[in-house]
Amino acid sequence: MSDTTSGGAGKGTAPHPGDIGRRVALRRRELGLSREEVAARAGMAPTYLQYLETRPGEIDVSGLLRLAGALNTTLSELLGGSADLPPGRAGAKGKPVLEELGTQECWARLSERGVGRLGFSTAEGPVVLPVNYQVMDRGIVYRTAPGTVPAAAVGHRVAFEVDHIDDALSQGWSVLVVGHAQARPAAPDDGGNAGPDPSPPPAGPTPWAGGQRDLWVRISPDTLTGRIIRS
């Protein structure tokens with residue numbers, strides 16, 4: 001069996017058409033572009049782009065190259081060549097500028113993500129771990145189970161960080177929340193004994209780890225800062 005095209009998902013494995021479509025759709029949403037805008041840039045019909053994004057479909061290298069240009073990315077990125085590589089390996093491009101993000105933009109960027117890094121101190125030393133989260137009422141909310149490491153953050157001052165790295169453009173941003181973690185109950189019928197607020201959020205993040213996770217934790221920000229690198 002022949003190797004895949006350079007930048008494919010892996011040696012001897014051709015990239016799945018559906019995977020390419022998902023990467024195209026994800027990149028388009030990251031840039032805040034409509035299907036019509038991307039299709040016009042790539043010189044293809046919007047209906048074909050919709051088909052490519054939502055169903056497995058074949059597309060030739062020429063079409064992928066046009067899409068990569070329309071999405072300000074590379075053919076390798078669309079083929080998943082960097083899927084298993086750590087971000088930030090590309091060198092700086094252009095004339096990079098580091099800027100501070102305003103409060104509203106920080107909240108906007110926090111709201112568009114779903115996984116962040118929770119950091120705090122324990123008796124054994126500092127820990128940093130990823131958690132699924134959601135922004136609710138100007139706070140960060142995540143779900144866990146009593147006795148777990150994320151649950152140990154309750155009652156402590158914590159740091160919560162979210163970022164995004166764009167290797168194709170050598171750009172990226174990060175937002176840092178520093179505040180206190182407080183417990184919230186998972187159900188309104190516990191008499192309010194599980195935390196200071198007896199009413200749970202109406203909806204919330206679903207932990208990828210699965211299992212019974214009835215402890216809701218809310219991080220109330222004391223400070224909110226963000227930075228972005230543009231080139």
Side-chain angles (χ1 to χ4, degrees), residues 1-90 93-94 96 101 104-116 130 132-136 162-175 202-208 210 226 228-231:
M1 183 180 294
S2 62
D3 290 347
T4 183
T5 304
S6 176
K11 187 174 181 179
T13 304
H16 191 280
D19 294 337
I20 295 173
R22 284 191 289 271
R23 294 188 190 101
V24 169
L26 176 62
R27 180 60 178 165
R28 178 175 61 78
R29 289 193 293 268
E30 286 178 349
L31 296 176
L33 298 173
S34 67
R35 284 198 182 108
E36 289 72 18
E37 290 172 317
V38 173
R41 291 183 180 186
M44 60 180 58
T47 52
Y48 176 68
L49 180 57
Q50 179 181 10
Y51 177 83
L52 180 66
E53 288 186 354
T54 57
R55 300 178 180 85
E58 298 295 334
I59 181 171
D60 58 24
V61 174
S62 175
L64 277 175
L65 285 171
R66 296 200 309 274
L67 274 175
L71 294 168
N72 293 327
T73 188
T74 64
L75 178 62
S76 177
E77 291 285 341
L78 293 184
L79 290 174
S82 62
D84 295 324
L85 298 178
R89 293 166 60 93
K93 295 181 181 179
L101 294 175
Q104 294 301 321
E105 189 167 4
C106 284
W107 281 117
R109 292 177 183 272
L110 282 170
S111 298
E112 68 185 25
R113 296 286 152 181
V115 176
N132 298 94
Y133 77 95
Q134 191 167 334
V135 173
M136 293 183 179
V162 178
D163 58 50
H164 174 67
I165 305 299
D166 189 328
D167 269 315
L169 298 179
S170 294
Q171 297 178 355
W173 57 264
S174 65
V175 173
T206 301
W208 289 357
I228 186 169
I229 297 175
R230 308 183 195 272
S231 59

* Spacing of CZ belonging to Arg29 relative to CZ belonging to Arg35, to within rounding of 0.5 Å -> 8.5 Å
* To do: With sequence neighbours excluded, tell me which residues meet side-chain contact (heavy atoms from CB on, under 4.5 Å) with Arg66.
  => Ala42, Met44, Ser62
* Asked: Do side-chain atoms of Tyr133 reach the backbone of Leu110 as a donor and acceptor pair under 3.5 angstrom?
  -> yes
* For Glu112, enumerate each residue passing the salt bridge (Lys or Arg N to Asp or Glu O under 4.0 Å) test, keeping only those at least two apart in sequence or located in another chain. => none
* To do: Kindly indicate whether the side chain of Leu67, heavy atoms from C-beta on, has any atom under 4.5 Å from the side chain of Ile20.
  => no
* Asked: In Å and rounded to the nearest 0.5 Å, what is the CG to CG distance from Leu52 to Leu64?
  -> 7.5 Å
* Structure fact -> Taking every heavy atom of Ser174 against every heavy atom of Leu101, the minimum-distance pair comes out as O-CD1, 4.2 Å
* Asked: With sequence neighbours left out, which residue pairs that include part of residues 36-47 fulfil the salt bridge (charged side-chain N to carboxylate O under 4.0 Å, His left out) condition?
  -> none
* **Nearest-0.5 Å distance, CG of residue Leu33 to CZ of residue Arg28** => 8.0 Å
* At their closest point, which heavy atom of Gly226 faces which heavy atom of Cys106, and how far apart are they? -> N-SG, 3.6 Å
* Taking only residues two or more places apart in sequence, or in another chain, which ones meet Glu105 in a side chain to side chain donor-acceptor pair (under 3.5 Å)? -> Arg109
* Structure fact -> Shortest non-hydrogen pair, Leu49 vs Ala39, comes out as CD2-N, 3.9 Å
* **Heavy-atom donor-acceptor pair, Arg27 side chain to Asn72 backbone, under 3.5 Å** => yes
* side chain to side chain donor-acceptor pair (under 3.5 Å) partners of Arg113, counting only residues at least two apart -> His164
